[in-house]
Undergrad: 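So that we are looking at the same thing, I have put the structure below in structure tokens.
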There are 4 protein chains.
Amino acid sequence: MTNKRTPGRPKVKTEMNITRERISTTAAHLFLTYGYESVSMQQVAEASNVTKASVYYYFKDKATLFTKAVSSMFQRITGRVEELLQSTKGLESRLYEVTLEHLKRPHIDFETLLQEAGSSLSKDHIREIRESEQDIHKALENIFKQAMENGEIVTTSPLLLAHAFSTVTMIRNKTELITELGGYEKTARSLVDLFWTGIAPK
Amino acid sequence: MTNKRTPGRPKVKTEMNITRERISTTAAHLFLTYGYESVSMQQVAEASNVTKASVYYYFKDKATLFTKAVSSMFQRITGRVEELLQSTKGLESRLYEVTLEHLKRPHIDFETLLQEAGSSLSKDHIREIRESEQDIHKALENIFKQAMENGEIVTTSPLLLAHAFSTVTMIRNKTELITELGGYEKTARSLVDLFWTGIAPK
Amino acid sequence: MTNKRTPGRPKVKTEMNITRERISTTAAHLFLTYGYESVSMQQVAEASNVTKASVYYYFKDKATLFTKAVSSMFQRITGRVEELLQSTKGLESRLYEVTLEHLKRPHIDFETLLQEAGSSLSKDHIREIRESEQDIHKALENIFKQAMENGEIVTTSPLLLAHAFSTVTMIRNKTELITELGGYEKTARSLVDLFWTGIAPK
Amino acid sequence: MTNKRTPGRPKVKTEMNITRERISTTAAHLFLTYGYESVSMQQVAEASNVTKASVYYYFKDKATLFTKAVSSMFQRITGRVEELLQSTKGLESRLYEVTLEHLKRPHIDFETLLQEAGSSLSKDHIREIRESEQDIHKALENIFKQAMENGEIVTTSPLLLAHAFSTVTMIRNKTELITELGGYEKTARSLVDLFWTGIAPK
DNA sequence: TATGAATGAGTCTTCATTCAT
DNA sequence: CATGAATGAAGACTCATTCAT
């Protein structure tokens with residue numbers, strides 16, 4: 001492993017890109033909370049403490065901002081999920097950790113978000129987002145595939161499992177349910193349990 | 001002398017309500033496909049073959065149209081689901097039927113939809129929609145509760161099952177998955193299977 | 001004085017025209033309170049307990065309704081003013097009575113109202129209203145002319161006096177002033193006093 | 001190295017404010033001529049040689065535009081009136097000057113205007129306008145109060161005089177009258193005369 | 001790098017008006 | 001006599017976007 005650090009004094013990216021980053025993060029948060037159309041460039045600007053024109057300085061248009069912001073966020077989440085899945089604990093408890101984190105993060109259904117923004121996005125935009133999104137699914141798929149090989153779980157379509165799992169954990173906002181089950185931890189536990197053993201009688 | 005006919009144009013039962021109904025149905029379809037903000041009153045009007053002003057003749061404003069349209073649709077769906085669930089077949093195959101119908105119907109995540117429209121809706125609107133929505137959950141809950149009593153399934157929180165089941169069946173739009181698994185029927189079968197036996201090894 | 005009553009059973013105007021009258025009066029009240037544009041045909045209809053279409057049954061369009069309604073009201077007011085002015089008391093106390101009634105009636109500046117509605121009214125409409133309006137001025141003018149001949153007041157332009165007087169009594173809405181001066185009666189008294197003796201020192 | 005120029009396009013003091021000012025002045029003129037509802041934002045924009053969106057760039061909404069425009073105009077008028085009243089001539093001729101200017105300025109009854117716009121304005125808007133308005137009255141009141149102390153006029157309520165005077169000078173639009181009396185100057189003279197000596201016989 | 005000014009296109013909503021019944 | 005249905009036109013307001021500085 002060689003030292004890959006570029007020689008010389010590194011460019012001062014800090015100040016400059018910090019603005020871009022702030023806008024991106026803020027935007028992602030807003031989009032994932034309120035959807036695409038509901039969030040105006042003005043709101044993004046205000047929430048980022050810059051002017052509208054500044055947002056345009058960094059991002060060509062709203063569709064692009066959306067794409068970049070959401071993709072970045074996905075990458076961040078993917079990293080986190082991979083980390084959690086890498087642990088050496090049994091699959092069940094790794095899934096539990098992922099579920100728990102997911103339940104706590106406030107956000108809306110991703111497919112729906114894309115559907116809503118759909119008409120405003122170009123093919124390229126959609127592809128870019130889809131790619132970032134699939135990374136999460138790929139991570140899950142791999143884990144499931146591996147678990148199947150180890151005989152840790154039943155053999156079936158890993159893709160199906162990945163989708164089903166990520167969809168099930170979408171049960172958020174449903175405060176009613178979470179309250180009745182007694183909090184995030186217990187809800188996460190129940191979900192994974194259900195996912196693990198199904199509903200068939202023993 | 002005894003002619004007591006009420007003055008004015010009599011309300012047309014059939015024809016008139018058909019317009020209102022047409023608008024409502026069309027609107028529901030659009031909202032469930034594209035979200036709240038993305039659908040303009042103009043679009044609703046055009047798709048309903050009336051003018052924008054006519055839409056306003058029947059519905060006070062967009063928020064109200066949304067509420068009424070979506071609530072009605074929910075009631076229709078609830079009716080259909082109850083019907084399917086009433087059958088005397090085993091629970092598994094009843095769930096299969098419901099899942100299959102659900103997969104075919106094009107629509108977006110309901111919670112997300114509400115979240116997006118949220119800022120435009122009054123408390124009353126939201127309550128009205130929520131009430132219609134819960135009817136489906138109640139129908140499912142009851143079925144599960146009954147099945148538990150019959151020993152047909154394992155004993156657990158019926159509310160959790162209802163939510164989980166209705167969320168899982170949300171795997172639509174995911175054309176990729178449906179294609180890979182080989183069509184709606186097979187996907188539905190796999191989903192119910194998963195829901196039924198879980199992923200734990202036998 | 002001969003009996004001018006038409007022979008035979010009089011037409012049943014009661015029920016029929018009572019609706020027209022109600023609409024007219026209601027409309028006049030609304031127009032004089034809120035202006036022309038601010039009052040919608042819908043409001044007029046609702047306040048009159050009929051449907052919008054009914055208003056159109058009696059009045060060709062909004063401009064016509066406005067014209068008829070306001071003219072009628074003016075005629076009613078003129079009648080009342082003439083009655084008050086006919087009394088045998090001195091001019092000063094007759095003016096007081098008129099002022100008092102005027103102060104109590106809630107309404108807006110007539111010229112302003114006409115100016116606002118102006119662009120919607122045809123020449124004919126405007127003429128019709130102006131004529132009704134002038135009757136009040138004529139009544140006042142005549143009184144002043146007579147008073148000048150009697151030496152009851154100084155000799156000057158009766159038209160000016162009529163305008164000035166009717167404008168001065170326009171000090172309504174100015175609740176602040178009326179409160180400070182101690183109610184309608186005192187305000188009316190002060191106004192007539194001012195009009196009578198001016199502000200020059202004795 | 002010491003270049004501390006603030007980033008971004010610097011605020012243009014002259015040019016920019018000229019646009020805002022132009023819109024405000026134009027709007028005030030239109031509102032005072034045609035009323036609140038009759039004047040559309042479109043009209044204001046056209047008359048100001050900008051687009052509707054530009055009007056909204058400077059003024060949040062119609063109510064705010066109205067408030068700012070009318071208040072500003074009032075302040076300008078107040079300034080002018082105070083100037084005229086400051087002269088060392090006798091009160092009578094100072095009132096004459098004010099009356100004359102007022103007669104020439106085209107506008108509608110202020111109270112009526114407020115009444116008409118009333119339902120669209122917030123409490124704050126109304127307060128803001130009222131405050132600007134009262135400055136004129138205060139100026140007049142002070143002059144009258146002073147004149148009373150000097151024995152230049154009879155002692156009475158200065159507030160009443162201020163209101164009465166400003167109302168009387170409202171006799172404009174009444175082209176008929178002005179024509180009959182022979183022009184603005186003569187009308188102004190007659191009005192002040194009437195206000196000064198009243199109608200009582202000598 | 002960052003921003004104030006300006007705008008075209010579109011959205012929701014209201015309103016006067018018509019017409020068949 | 002009176003009304004429910006339907007509409008064209010217009011109005012307030014928002015928004016993504018551009019541009020000169």
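Within every chain, numbering begins at 1; the chains are lettered A, B, ... in the order of the sequence lines, protein sequences first and strands thereafter. Please read these numbers as outputs of a predicted model, since none were measured by experiment.
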Undergrad: Less than 3.5 Å apart, any donor N or O on the side chain of A:Ser54 or A:Thr51 sitting next to an acceptor on the other?
TA: yes

Undergrad: Taking A:Glu116 for the side chain and A:Gly35 for the main chain, is one N or O donor matched with an acceptor at less than 3.5 Å?
TA: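 It does not hold such a pair.
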
Undergrad: Return no unless some side-chain N or O of B:Tyr58 is found under 4.0 Å from OP1 or OP2 of F:dA6.
TA: yes

Undergrad: DNA chain E: D:Thr51 or B:Ala63, which has the more 5' nearest nucleotide?
TA: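 The residue whose closest nucleotide sits nearer the 5' end is D:Thr51.
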
Undergrad: Mapping B:Gln43 and A:Val55 onto DNA chain E by nearest heavy atom, which one lands closer to the 5' end?
TA: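 Upstream on the strand: A:Val55.
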
Undergrad: Please give, in whole Å, the distance from E:dA2 C1' to A:Arg22 CZ?
TA: 12 Å

Undergrad: Can you check whether D:Tyr56 has a side-chain N or O nearer than 4.0 Å to OP1 or OP2 of E:dA6?
TA: no

Undergrad: Starting at the 5' end of DNA chain F and moving along, which residue's nearest nucleotide shows up first, B:Val50 or C:Asn49?
TA: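 Result of the comparison: C:Asn49.
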
Undergrad: Would D:Ser122 and D:His125 count as having a side-chain donor-acceptor pair, cut-off 3.5 Å?
TA: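 Distance-only check passes for D:Ser122 and D:His125.
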
Undergrad: According to the interplanar angle, ranging from 0 to 90°, do the rings of C:Phe74 and C:Phe110 count as parallel (below 30°), tilted (30 to 60°) or perpendicular (above 60°)?
TA: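 Answer is perpendicular, since the angle exceeds 60°.
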
Undergrad: Which is true for A:Val39 with a 4.0 Å heavy-atom rule: it touches a base, it touches only sugar-phosphate, or it touches nothing?
TA: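 The residue A:Val39 makes sugar-phosphate contact but no base contact.
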
Undergrad: Quick one: is E:dA6 close enough that its OP1 or OP2 comes under 4.0 Å of any side-chain N or O from D:Thr19?
TA: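 It does, given that an N or O in the side chain of D:Thr19 lies less than 4.0 Å from OP1 or OP2 of E:dA6.
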
Undergrad: State which of F:dA2, E:dC12, F:dT14 makes the closest approach to the side chain of D:Ala53.
TA: F:dT14

Undergrad: When both hydrogen-bonding distances must be under 3.5 Å and the geometry is Watson-Crick or G-U wobble, what is E:dT13 paired with, if anything?
TA: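 Looking at the geometry, E:dT13 pairs with F:dA10.
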
Undergrad: Step through it carefully: locate the ring centre of A:Phe66, locate the ring centre of A:Phe59, and say whether they are under 6.0 Å apart.
TA: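 Ring centres of A:Phe59 and A:Phe66 not closer than 6.0 Å.
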
Undergrad: Between F:dT14 atom P and D:Lys60 atom NZ, what is the distance in whole Å?
TA: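 Taking atom P of F:dT14 as the reference, NZ of D:Lys60 is at 7 Å.
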
Undergrad: Whole-Å distance between E:dT17 P and C:Phe59 CZ?
TA: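 Atom-to-atom, C:Phe59 to E:dT17, this comes out as 14 Å.
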
Undergrad: Would you kindly give the CG-to-P distance between C:Asp61 and F:dG8, to the nearest whole Å?
TA: 20 Å

Undergrad: Of all the choices, E:dC15, F:dA16, F:dA12, which nucleotide is nearest to the side chain of A:Ser40 once you look at every atom?
TA: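 Closest of the options to the side chain of A:Ser40: F:dA16.
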
Undergrad: Return the value, rounded to whole Å, for the distance between atom CE of A:Met41 and atom C1' of E:dG8.
TA: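 About 17 Å, once rounded to whole Å.
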
Undergrad: Contact class for C:Ser54 vs. all strands (heavy atom < 4.0 Å): base, sugar-phosphate, or nothing?
TA: base

Undergrad: For C:Gln42 and F:dG4, give me the distance from atom CD to atom P, rounded to whole Å.
TA: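 Computing the C:Gln42:CD to F:dG4:P distance gives 11 Å.
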
Undergrad: Look at the side chain of A:Lys52 and the base of F:dT17, then say whether one donor and one acceptor between them are separated by less than 3.5 Å.
TA: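 Looking at the base of F:dT17, it does pair with a donor or acceptor on the side chain of A:Lys52 (distance under 3.5 Å).
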
Undergrad: Atom CD of A:Glu46 and atom P of F:dC15: how far apart are they, to the nearest Å?
TA: 10 Å

Undergrad: Watson-Crick or G-U wobble partner for F:dA20, using a 3.5 Å limit on both distances?
TA: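 F:dA20 is paired with E:dT3.
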
Undergrad: Which heavy atom of B:Val44 sits nearest to which heavy atom of B:Leu30, and what is that distance?
TA: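 Closest approach of B:Val44 to B:Leu30, heavy atoms only: CA-CD1, 3.9 Å.
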
Undergrad: D:Ile23 has an atom CD1; how far is it from atom C1' of E:dT7, in whole Å?
TA: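 So the two atoms are 12 Å apart, to the nearest Å.
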
